[in-house]
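This report concerns only the one structure given below.
Throughout, residue positions are numbered sequentially from 1 according to the sequence presented. Only heavy atoms go into these numbers, but all of them, side chains included; no hydrogens, no water, no symmetry mates.
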Amino acid sequence: MGTVGLKKTDWRARVSEVGYWVAPWARGRGIAAEATRVLGEWLLTDQAFQRMELLAATENTASQKVVLRAGLHREGVLRNAGFVHAGRVDLVLFSLVPQDFQSRSPAPSGPSS
């Protein structure tokens, strides 16, 4: 169906960049968003990393929708920072940090009294 993974890992700074790809026939099912969220939670909680990033071309709105659904936060645009087949592009920077998981309230457990 697809793949999700980490790249450009800075072990000293405890920062890594996430990347994903989903087969065309499997797109639109939330697979990339869920896998990205799970990977981010594992990286930032279990592995004690401090930051997970994703860079998407400004024209790649599908990828931007995926990362927002996964819970990453849009930080801004890196001008002329990327290169695609058509040439230089601006990139949108998204991130997830450990505090993003600490601020989530736990799911209710059972009936309340």
Might you point out which heavy atoms bring Phe49 and Pro98 nearest each other, and give the distance in Å?
O-CG, 3.4 Å

Is there a side-chain contact between Glu53 and Lys8, using heavy atoms and a 4.5 Å cut-off?
no

Kindly state each residue pair satisfying side chain to side chain donor-acceptor pair (under 3.5 Å) with at least one member in residues 17-26, sequence neighbours excluded.
Tyr20-Ser63

Would you call Thr58 and Val89 a side-chain contact if the rule is heavy atoms closer than 4.5 Å?
no

Output for pair (Leu96 CG, Arg51 CZ), nearest 0.5 Å, gives 9.5 Å

Name all residues meeting the side chain to side chain contact (heavy atoms under 4.5 Å, CB included) criterion together with Leu6; count only those two or more places apart in sequence or in a different chain, and write none if there are none.
Thr9, Ser16, Val18, Leu39, Trp42, Leu43, Met52

Distance from Leu54 atom CG to His73 atom NE2, nearest 0.5 Å?
13.5 Å

Could you grab the distance from atom OG1 of Thr45 to atom CD of Gln47, nearest 0.5 Å is fine?
8.5 Å

Partners of Glu59 by salt bridge (charged side-chain N to carboxylate O under 4.0 Å, His left out), sequence neighbours excluded?
none

Working for side-chain contact (heavy atoms from CB on, under 4.5 Å), residues Leu68 and Phe94:
CA-CA 8 Å; Leu68 290 172; Phe94 295 86; 3.8 Å; yes

To the nearest 0.5 Å, tell me how far Arg27 CZ sits from Met1 CE.
12.0 Å

Note: Val4 and Ala35 closest approach over all heavy atoms is CG1-CB, 3.8 Å

For Arg79, I'd like to know if atom CZ has over 12 heavy atoms of other residues, nucleotides or ligands within 6.0 Å.
no

Please determine whether residues Val77 and Leu55 belong to a single hydrophobic cluster, defined as Ile, Leu, Val, Met, Phe, Trp and Tyr linked transitively by side-chain heavy-atom distances below 4.5 Å.
no

Please report the shortest heavy-atom distance between Val22 and Ala32, naming the atom on each side.
CG2-CB, 3.7 Å

Using 0.5 Å steps for rounding, measure from the CD atom of Glu41 to the CZ atom of Phe101.
5.0 Å

In Å, rounded to the nearest 0.5 Å, how long is the span from CG of Asp10 to CD of Gln50?
12.0 Å

Asn80 and Asp90 have their tightest heavy-atom pair at N-OD1, 2.7 Å

Considering only heavy atoms from C-beta outward, does the side chain of Gln64 approach that of Val92 to under 4.5 Å?
yes

Smallest heavy-atom separation, Asp100 atom then Ser95 atom, equals OD2-O, 4.3 Å

Could you report the tightest heavy-atom contact between Ala81 and Arg88, atom names first, then the distance?
C-NH2, 3.6 Å

